[in-house]
Amino acid sequence: MSSKIRVRFAPSPTGYLHVGGARTALFNWLYARRHGGTFVLRIEDTDAARNTEQAMQAIFDGMRWLGLDWDEGPEVGGDCGPYYQSQRGAIYERHAQKLIDTGKAYTDDAGALRFRLPRLPLTFDDLVCGHMEIDRSKSQSRDGSPEADMTIRRADGGWIFHFVNVVDDIEMAITHVVRGEDHLSNTPKHIELFAALGAPPPAYAHIPLILNKDGSKMSKRDQGAAVGSYIDGGYAPEAVVNYIALLGWSPKDDSEKLSIEELTARFDFAGVNRKGAHFDLEKCNWLNAQYLMHMPMERYVALARPWIAKAGITADDAALTPVLALVKEKAKFLTELPEWIGFFFTEDYPFLPDAEEKLRKPGALDRLAQLADAYREIAAWDAAALEAKLKELATTHAVKAAEFVHPARTAVSGKTVGPSLYHMLEVLGRERVLSRMARAQSTFAP
RNA sequence: GACCCUAUCGUCCAGUGGCCUAGGACAUCGCCCUUUCACGGCGAGAACACGGGUUCGAAUCCCGUUAGGGUCGCCA
């Protein structure tokens with residue numbers, strides 16, 4: 001039996017969790033879950049000056065929101081800890097000493113520790129990019145001189161990314177390094193480091209970068225770049241996971257909507273593209289609406305809860321569920337919910353200008369009164385009966401149904417747009433419908 | 001500058017030599033459904049970067065050009 005797969009996501013807490021990072025984490029997670037491996041979270045906080053507590057929290061929050069749980073790492077522990085590089089100094093010291101003892105590293109004039117690059121031709125097989133052959137002797141610095149020996153420890157004692165990254169991958173027994181393509185060109189150096197440290201290199205899978213829709217590099221400021229913007233924007237996490245999975249990976253058939261279980265079952269590196277993916281928020285939004293529209297009611301209520309509470313609406317599940325069911329396929333984002341359902345939970349709902357206009361139209365109040373009279377007497381208070389009665393009334397008075405529909409809708413909701421009228425009336429109940437109609441009549445009477 | 005990766009509709013993908021007069025999805029534009037707004041249905045426009053090869057045959061293979069991206073840090 002082959003040794004157990006161990007992958008890791010190694011973010012640096014210097015900003016917000018970026019969608020690119022989230023996707024790297026997702027691909028690692030998917031690969032681990034698919035093959036029964038271990039997913040490690042390691043915080044690469046060697047640059048004390050740039051790390052922030054806030055960024056660290058954003059990483060944890062973002063990953064948890066996306067459902068990417070880690071088997072080893074901060075807050076969960078594990079056998080290879082600590083999982084913060086800032087706490088692993090002794091380990092790095094030990095490996096650096098090994099390099100110094102074997103003449104593979106030396107201290108330069110400025111006091112920094114440098115790794116003597118072998119600069120030999122080298123090959124490796126990337127799970128995504130294929131067979132790579134690199135002539136290291138050809139590598140040059142920007143000024144045309146041969147590539148300088150890599151610094152592994154600063155003069156001030158701070159450790160450098162490439163070195164600690166490799167040391168930790170050895171110490172944590174990482175078998176597959178899945179990371180952004182920006183590291184493809186760094187991989188030869190990393191392999192040289194593995195060799196110098198006497199460890200076999202892991203398998204590599206370099207996944208394409210995520211660019212803006214216009215092809216420019218996606219920066220933190222760009223819309224949709226920060227995972228936090230989805231949390232705050234009222235997205236369903238499963239939709240965001242689905243969307244970013246499709247950025248650079250394809251199930252090879254025309255499936256678009258894939259649950260995290262399906263993603264786990266179908267993910268492999270053969271399906272990962274080599275071309276940089278352009279980020280399209282519109283499609284992400286569409287997918288989000290699809291998820292919102294089709295998810296089970298219980299899940300919908302759970303996701304909606306925080307937004308409802310934030311708007312000051314207090315209602316138990318029994319009261320909330322039928323109301324949310326009315327707008328589930330209408331709202332594109334959870335953030336819109338309070339606006340859609342607010343009038344269900346207060347008698348003091350506002351009348352929007354266009355709604356008011358409809359109620360002030362000549363005859364509108366008369367229709368409202370006629371409808372209220374008919375509804376007061378109706379036997380069964382359900383959508384079908386309500387609709388039949390309204391249409392019957394329209395026929396009796398020889399007018400279009402719209403003559404009754406608009407006054408009714410605006411009177412009970414204060415808006416011109418909303419859920420299906422009859423279902424909305426059914427949920428509101430006879431008592432509230434009649435009192436709202438009466439109130440509208442007195443409010444808008446000339 | 002050196003080295004590396006990439007190149008199909010505006011965007012995400014399918015396509016691994018003949019099934020391609022290139023398929024799906026988002027977006028756009030029509031029409032239908034609906035007397036709200038959405039959803040949904042039907043349809044339209046929209047692409048193989050360019051130039052050479054290889055082959056009976058190329059979106060698919062090779063070379064070059066161009067373009068985009070990446071790496072070459074005492075950032076990660």
Side-chain angles (χ1 to χ4, degrees), chain A residues 10-15 44-47 49-51 85 108 110-114 126 128-130 132-148 150-162 164-165 180-189 206 208-209 211-217 243 246-257 271 273-287 289-290 293-294 327-332 340 354-355 358 391 394 400-406 408-410 413 415-421 424:
Chain A
S12 165
T14 54
E44 308 224 330
D45 54 351
T46 51
D47 188 353
R50 292 176 45 189
N51 298 322
Q85 290 188 329
D108 71 7
L113 186 64
R114 285 178 182 271
D126 190 276
V128 174
C129 301
M132 306 286 299
E133 284 186 38
I134 288 127
D135 183 355
R136 296 282 290 136
S137 67
K138 287 201 285 189
S139 294
Q140 294 186 358
S141 294
R142 247 175 281 266
D143 62 7
S145 62
E147 184 178 4
M150 174 170 55
T151 303
I152 62 179
R153 187 182 58 205
R154 300 181 195 111
D156 70 5
W159 296 98
I160 297 300
F161 160 74
H162 300 288
V164 295
N165 187 267
E181 199 196 88
D182 48 338
H183 285 306
L184 186 59
S185 298
N186 286 327
T187 303
K189 285 188 296 194
H206 287 93
L209 266 20
L211 281 359
N212 282 314
K213 196 167 178 182
D214 65 4
S216 62
K217 193 178 174 182
Y243 180 70
L246 257 20
L247 236 31
W249 174 79
S250 160
K252 298 294 175 195
D253 58 18
D254 290 330
S255 311
E256 298 270 348
K257 198 180 168 203
N273 276 300
R274 285 173 234 190
K275 189 174 62 165
H278 292 201
F279 187 83
D280 184 4
L281 193 58
E282 296 279 7
K283 187 151 186 177
C284 182
N285 291 166
W286 169 77
L287 213 38
Q290 289 295 314
M293 208 177 304
H294 299 297
V327 299
K328 187 160 168 273
E329 52 213 22
K330 306 257 180 189
K332 309 275 194 199
W340 278 100
D354 56 342
K358 285 208 189 300
K391 288 188 169 160
K400 288 185 295 181
E403 297 285 321
F404 288 99
V405 170
H406 294 306
R409 171 182 296 288
T410 50
S413 72
K415 301 165 189 254
T416 53
V417 301
S420 153
L421 175 67
M424 169 166 85

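Sequence lines set the chain letters: A, B, ... in the order given, protein chains first and strands last, and positions in each chain run from 1.
Checked against A76(B), C4(B), A14(B), the side chain of Lys252(A) finds its nearest nucleotide in A14(B). Ranking G73(B), U6(B), C74(B) by closeness to the Ala155(A) side chain, first place goes to C74(B). Here the side chain of Asp280(A) is nearest to one of G10(B), G73(B), C37(B), namely G10(B). Comparing C4(B), G24(B), C72(B) by their closest approach to the side chain of Asp254(A) singles out G24(B). Side chain of His183(A), nearest nucleotide from U35(B), A76(B), C3(B): A76(B). For Lys275(A), whose side chain is taken as the heavy atoms from C-beta onward, the closest listed nucleotide among U8(B), C5(B), C75(B) is U8(B). Of the listed nucleotides (A38(B), A14(B), U35(B)), U35(B) has the atom at the smallest distance from the side chain of Lys400(A). Ranking C12(B), G1(B), G69(B) by closeness to the Leu247(A) side chain, first place goes to C12(B). Comparing C12(B), A2(B), G40(B) by their nearest atom to the side chain of Gln140(A) picks out A2(B).
A donor-acceptor contact under 3.5 Å is formed by the side chain of Ser185(A) with the base of G70(B).
Taking CZ of Arg153(A) as the reference point, atom CD1 of Ile160(A) lies at 11.0 Å (rounded to 0.5 Å).
Between the side chains of His183(A) and Asn186(A), at least one donor-acceptor pair of N or O atoms lies under 3.5 Å.
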| request: Mind running salt bridge (charged side-chain N to carboxylate O under 4.0 Å, His left out) on Glu147(A) and Arg136(A) for me, showing each step along the way? | output: CA-CA 9 Å; Glu147(A) 184 178 4; Arg136(A) 296 282 290 136; 3.1 Å; yes
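Here C39(B) is in the syn range [glycosidic angle within 90° of 0].
Contacts of Lys415(A) with the nucleic acid, taken as non-hydrogen atoms under 4.0 Å apart, are absent. Residue contacts for Asp47(A): at a heavy-atom cut-off of 4.0 Å it reaches the sugar-phosphate backbone alone, with no base atom in range.
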